[in-house]
Amino acid sequence: MTTTATATPGHGPAARQAGLSRVQRFFTLMRREWLQHRIGWCVLLVAPTALMLVLGVFDRSLIQVQLDDESFMVEGLHQAPAVLQALLLGLGLTAATVVLALLSLGFQLPGLARRDVQDRSIEFWRSMPSSHSQSLAATLLMHVLVLPWAALLAGALGSQLVALTAVVSAHGLGAWFDLPWTPMLAAGAALLLRAAWGLLLAALWLSPLILLTMAASAWLKRWGVPVVVAVGLAAVHLLDPRLPQPWFRPALNRLMREVVSALMTASPLQGAHVAEPAHIVEWLPDLPAWALRDAGAALAHLASPAFVLALALGGLGFALLVWRRHVG
């Protein structure tokens with residue numbers, strides 16, 4: 001007797017995926033991106049904290065900061081007051097973790113445009129009930145936004161461990177318990193949310209450069225980035241001088257200014273007097289209000305034709321990426 005196995009309609013991975021909603025499929029694609037990169041990302045996010053812990057334990061003199069004022073003077077971070085140590089380490093380590101993640105992102109983005117074609121997984125994704133736009137959007141969201149946000153959170157949490165080590169090493173465990181935790185935590189949460197909002201707005205402003213560069217890499221492969229750089233240099237140095245009024249250099253300058261404004265429109269120290277540690281504690285409760293005002297000011301910058309043009313160019317780059325997927 002011979003038994004013939006037949007596939008039952010409505011079963012199997014593709015069928016189960018087809019039963020998912022559009023949102024569920026999108027989160028599945030995001031999860032796939034995380035599973036593919038989780039080891040490298042975890043190492044990237046933990047490395048600055050681990051390095052600072054090693055430096056703090058074995059050689060505190062490597063971390064130098066000099067503050068000169070009529071009220072107090074310190075030549076090294078280990079000599080600073082405990083509250084100043086905790087604040088500087090928190091801000092510095094968080095910023096370093098985010099910058100490291102952004103540098104890694106800059107190297108990875110051009111390759112992401114042609115990754116699925118190079119490893120031949122594009123055939124698999126074409127067989128799944130998800131569109132090319134969904135797959136590309138999930139990849140971009142994970143790399144351009146979720147990774148920097150994760151770096152922001154990892155840096156903020158890791159800095160607390162580094163600050164604990166530094167403060168206890170320099171001033172004793174009692175100094176760490178005596179820190180003004182209520183205003184410090186409120187200020188830290190406000191700055192964290194402001195930075196996350198700024199990273200989102202900066203990504204929107206940078207969408208033309210990100211997506212057009214990725215599109216060039218998808219169509220021109222390894223020549224994509226050199227061509228984009230060459231076209232940019234030619235536009236600034238050759239075309240601008242021949243136009244009645246320069247256009248490309250002012251546009252790039254405006255874009256960079258808007259990116260900086262998205263991250264911070266005004267210094268939180270503006271108008272503040274922090275000549276001694278007691279003034280630092282008095283200044284901390286003002287930070288949440290500053291963060292809210294600064295976030296609103298960054299949002300107000302979006303109401304401009306420049307932002308609409310940036311989104312349109314970013315949309316063009318995304319459309320070129322999707323088209324490249326369709327034509328193979």
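Scope of the values below: all heavy atoms of this structure, side chains included, with no hydrogens, waters or symmetry mates.
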Common cluster, [X]/[Y], ILVMFWY with side-chain heavy-atom separation under 4.5 Å:
X      : Y      : value
Leu44  : Leu105 : no
Leu209 : Leu211 : yes
Leu243 : Val236 : yes
Phe107 : Leu145 : no
Trp223 : Val229 : no

Pair Leu201-Leu302, side chain to side chain contact (heavy atoms under 4.5 Å, CB included): steps then yes or no: CA-CA 9 Å; Leu201 298 185; Leu302 303 187; 3.8 Å; yes
So, taking the atom named [atom1] in [X] and the one named [atom2] in [Y], what distance separates them when rounded to the nearest 0.5 Å?
X      : Y      : atom1 : atom2 : result
Gln85  : Thr165 : CD    : OG1   : 11.0 Å
Ser135 : Arg32  : OG    : CZ    : 6.0 Å
Thr28  : Gln134 : OG1   : CD    : 9.5 Å
Leu173 : Asp178 : CG    : CG    : 9.5 Å
Leu284 : Trp181 : CG    : CH2   : 11.5 Å
Leu316 : Leu321 : CG    : CG    : 10.0 Å

Give a yes or no on whether the backbone of [Y] and the side-chain of [X] come within a donor-acceptor separation of less than 3.5 Å.
X      : Y      : result
Arg242 : Leu239 : no
Trp205 : Leu255 : no
Trp219 : Leu320 : yes

If every non-hydrogen atom of [X] is compared with every non-hydrogen atom of [Y], which pair is closest and at what distance?
X      : Y      : result
Ala218 : Arg324 : O-NE, 3.1 Å
Ala154 : Thr49  : O-OG1, 4.3 Å
Ala175 : Ala82  : CB-CB, 4.3 Å
Ala163 : Trp176 : O-CD1, 4.5 Å
Leu140 : Met214 : CD2-SD, 3.4 Å
Ala150 : Leu45  : CB-CD1, 3.9 Å

In this structure, are over 12 heavy atoms from other groups packed under 6.0 Å from Trp247 atom CH2?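 Atom CH2 in Trp247 is not crowded, with 12 or fewer foreign heavy atoms closer than 6.0 Å.
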More than 12 foreign heavy atoms under 6.0 Å from CD1 of Ile39: is that the case here? no
Restricting to pairs with a member in residues 294-317, which pass side-chain hydrogen bond (donor to acceptor under 3.5 Å, both in side chains), not counting sequence neighbours?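 Only Arg194-Asp294, Glu258-His301, Thr265-Asp294 qualify under side-chain hydrogen bond (donor to acceptor under 3.5 Å, both in side chains).
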Determine the interplanar angle of the Trp34 and Trp41 rings, folded into 0 to 90°, and report it as parallel if under 30°, tilted if 30 to 60°, perpendicular if over 60°. tilted
Is there side-chain contact between Ile210 and Phe318, with at least one heavy-atom pair below 4.5 Å?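 Side chain of Ile210 against side chain of Phe318, heavy atoms only: no contact under 4.5 Å found.
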Are Ser217 and Leu109 side-chain neighbours, meaning at least one heavy-atom pair lies under 4.5 Å?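 No; the side chains remain at least 4.5 Å from each other.
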Leu157 vs Leu161, side chain to side chain contact (heavy atoms under 4.5 Å, CB included): CA-CA, chis, key distance, verdict: CA-CA 7 Å; Leu157 294 176; Leu161 180 60; over 6 Å; no
In a check of side chain to side chain contact (heavy atoms under 4.5 Å, CB included) between Leu199 and each of Leu147, Leu204, Leu263, Val144, which one passes?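 Passing option: Leu263.
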Using side chain to side chain contact (heavy atoms under 4.5 Å, CB included) as the criterion, list what pairs up with Glu33, not counting sequence neighbours. His37, Leu112, Arg115, Thr139, Met142, His143
Solution key, residues 88-98 side-chain donor-acceptor pairs under 3.5 Å, sequence neighbours excluded:
{"unit_1": "Thr94", "atom_1": "OG1", "unit_2": "Gly90", "atom_2": "O", "d": "2.7"}
{"unit_1": "Thr94", "atom_1": "OG1", "unit_2": "Gly155", "atom_2": "O", "d": "3.4"}
{"unit_1": "Thr94", "atom_1": "OG1", "unit_2": "Ala156", "atom_2": "N", "d": "3.3"}
{"unit_1": "Thr97", "atom_1": "OG1", "unit_2": "Leu93", "atom_2": "O", "d": "2.8"}

